[in-house]
Chemist: 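Could you have a look at this structure, given as structure tokens, before my questions?
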Amino acid sequence: MSKLKTQSLHKRESALANSKRQLEILSNGIFKSGELPTFKDKISETNQFPLKAKKLEILQINVGYMCNQVCEHCHVDAGPDRQEIMTRETMLQCLEVIKSTGAHTLDLTGGAPEMNPNFRWFVEEASKVGIKDFIVRSNLTIIRANKKYHDLPDFFKKYNVHVVSSMPHWTRGKTDKQRGDGVFDKSIKALQELNAVGYGMPNSNLRLDLVYNPSGAFLPSNQASMEKDFKKVLKEDFGIQFHNLFALTNLPISRFLDYLIASENYEDYMYQLVDAYNPAAVSNVMCTNTLSVSWDGFLYDCDFNQMLELPVNSKAKHISEYNKDLLEGRNIVISQHCYGCTAGAGSSCQGSVA
Amino acid sequence: MSKTYYNPADLRKFGNITEWSEELGNKFFEYYGKVFEEGALTAREKSLIALAVAHTEQCPYCIDAYTKDSLQRGVTKEEMMEAIHVGAAIKSGATLVHGVQMMNKVNKLDG
Ligand code: SF4
Ligand code: SF4
């Protein structure tokens with residue numbers, strides 16, 4: 001990838017900071033070497049249009065776009081210059097929904113979720129409502145970023161939080177290129193600290209999973225064999241253990257879209273996604289059992305639609321208006337970026353789906 | 001020169017070769033697919049072998065395809081370049097070892 005930028009698209013006042021501009025680019029799929037079929041037509045071939053939301057199982061809450069990193073591929077366009085932060089009031093509204101729906105998974109994401117000043121309070125409160133799987137998407141370096149975060153491994157352990165962390169590669173060069181200088185060493189240190197309190201050990205209940213997403217304009221390969229390679233090298237070189245590796249496809253939005261266009265890979269990447277389209281992955285795309293809540297409480301089918309400002313197709317548009325009857329069975333809002341979820345073995349926040 | 005003999009977009013059309021000879025084309029792709037499955041060698045090792053051979057064969061399509069395939073499998077650029085050197089060493093060794101045949105012939109004809 002090109003030299004790492006240190007500011008979000010928003011701060012740089014890039015045209016792509018505007019989600020409308022991104023959607024325009026995505027829908028204009030006429031390329032030099034042919035025309036890109038629409039995702040809608042593609043899923044219609046197997047009678048899977050419209051995609052419908054099933055029972056709510058996973059509430060994914062984006063507690064803010066602030067982050068200590070500015071990764072090249074970030075689909076949130078997060079960074080230290082982003083100020084959007086979820087309030088306690090909105091968090092309380094989310095807790096109400098979890099209680100009333102019995103969603104079994106709570107998935108906290110950001111930015112760096114730990115940077116929200118109400119983060120610890122929220123984890124404490126949320127741990128009381130009987131969630132089966134309580135995920136925090138931690139970027140690892142935050143644990144080393146500042147003294148006030150050094151105790152995070154113990155804090156996570158106390159509330160039996162399931163830690164899911166990005167790790168683009170087992171080599172320093174590739175990791176730092178995607179996520180910034182020094183990220184690899186800090187991530188290794190953070191993983192060792194998580195291991196030290198019991199996270200990631202083979203028989204431990206303290207779940208530690210890693211997320212792999214490609215460092216450039218190519219798709220992830222087989223999740224199981226990547227996991228084997230990651231486990232071997234991290235164990236041999238650094239004594240690190242973890243449970244599962246989730247291989248994620250980069251969706252062509254936000255900073256990854258910016259990179260694809262700047263590196264003249266956009267057209268080829270879209271074809272890669274379409275060529276790898278797997279109809280079997282469609283029924284399990286994550287939007288079918290997930291709701292994504294933005295920092296200001298609005299509802300989206302997924303984190304990607306949130307970033308593209310494509311709200312749920314329902315009268316209930318805000319977490320304070322959550323209504324099972326209005327939201328279950330709703331038609332999911334799709335666009336060309338959805339090809340990213342159905343390429344190859346499929347891709348969701350929990351890794352492959354097919 | 002805007003047009004060359006090779007067009008990168010043609011790689012995506014590789015599968016079309018079955019259109020003019022379905023049986024043979026399908027048999028080739030079936031064989032090809034089997035060769036690259038995980039076996040005694042990992043798919044990652046096979047990708048590196050393919051990358052090295054793509055260079056000795058100097059096939060631009062294969063170079064593009066197996067560079068991407070290697071990246072997808074987490075192969076680093078250092079590993080890729082080393083694989084190419086292995087291909088290059090064998091290629092140059094194979095050229096030079098034929099020098100023995102040349103020497104034999106010289107000795108016979110002009111010894
Ligand atoms: S750590 Fe995550 S949220 Fe932060 S910039 Fe990187 S990808 Fe984005
Ligand atoms: S991008 Fe979002 S809406 Fe589209 S298929 Fe993926 S999860 Fe569903």
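The figures here come from the full heavy-atom set of this structure, side chains too, leaving out hydrogens, waters and symmetry mates. Sequence lines set the chain letters: A, B, ... in the order given, protein chains first and strands last, and positions in each chain run from 1.
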Chemist: Rounded to the nearest 0.5 Å, how far apart are CZ of B:Arg12 and CG of A:Asp275?
Modeler: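 So the gap between those two atoms works out to 4.0 Å.
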
Chemist: Return yes when atom NZ of A:Lys186 has more than 12 non-hydrogen atoms of other residues, nucleotides or ligands closer than 6.0 Å, and no otherwise.
Modeler: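 Incorrect, the count does not exceed 12.
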
Chemist: Out of B:Asn7, B:Thr76, B:Leu71, which one racks up the most heavy-atom pairs below 4.5 Å with chain A?
Modeler: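 If we count pairs closer than 4.5 Å to chain A, B:Leu71 comes out on top.
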
Chemist: Using heavy-atom distances under 4.5 Å, tell me whether B:Glu78 contacts chain A through its side chain, its backbone, both, or neither.
Modeler: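 Neither the backbone nor the side chain of B:Glu78 comes within 4.5 Å of chain A.
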
Chemist: Check whether A:Phe230 gets within reach of chain B through its side chain, its backbone, both or neither, counting any heavy atom under 4.5 Å.
Modeler: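 Neither part.
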
Chemist: Which atoms of A:Glu267 come close to chain B, meaning under 4.5 Å heavy atom to heavy atom: side chain ones, backbone ones, both, or neither?
Modeler: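 Neither; nothing under 4.5 Å.
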
Chemist: Quick check on B:Ile49: does its CD1 atom have over 12 non-hydrogen neighbours (other residues, nucleotides or ligands) under 6.0 Å away?
Modeler: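 Yes, because the 6.0 Å sphere around CD1 of B:Ile49 holds more than 12 heavy atoms from other groups.
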
Chemist: Flag the pair B:Gln72 / A:Gln272 as yes when at least one side-chain heavy-atom distance between them is below 4.5 Å, and no otherwise.
Modeler: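 They are in contact (side-chain heavy atoms under 4.5 Å apart), so the answer is yes.
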
Chemist: Taking side chain as C-beta onward, heavy atoms only, is B:Lys68 less than 4.5 Å from A:Asp268?
Modeler: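 In short, these two side chains touch, coming nearer than 4.5 Å.
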
Chemist: Taking all heavy atoms of B:Arg73 and all of A:Trp170, pick out the closest pair and write down the distance.
Modeler: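 Heavy atoms only, the tightest pair is O-CH2, 4.4 Å.
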
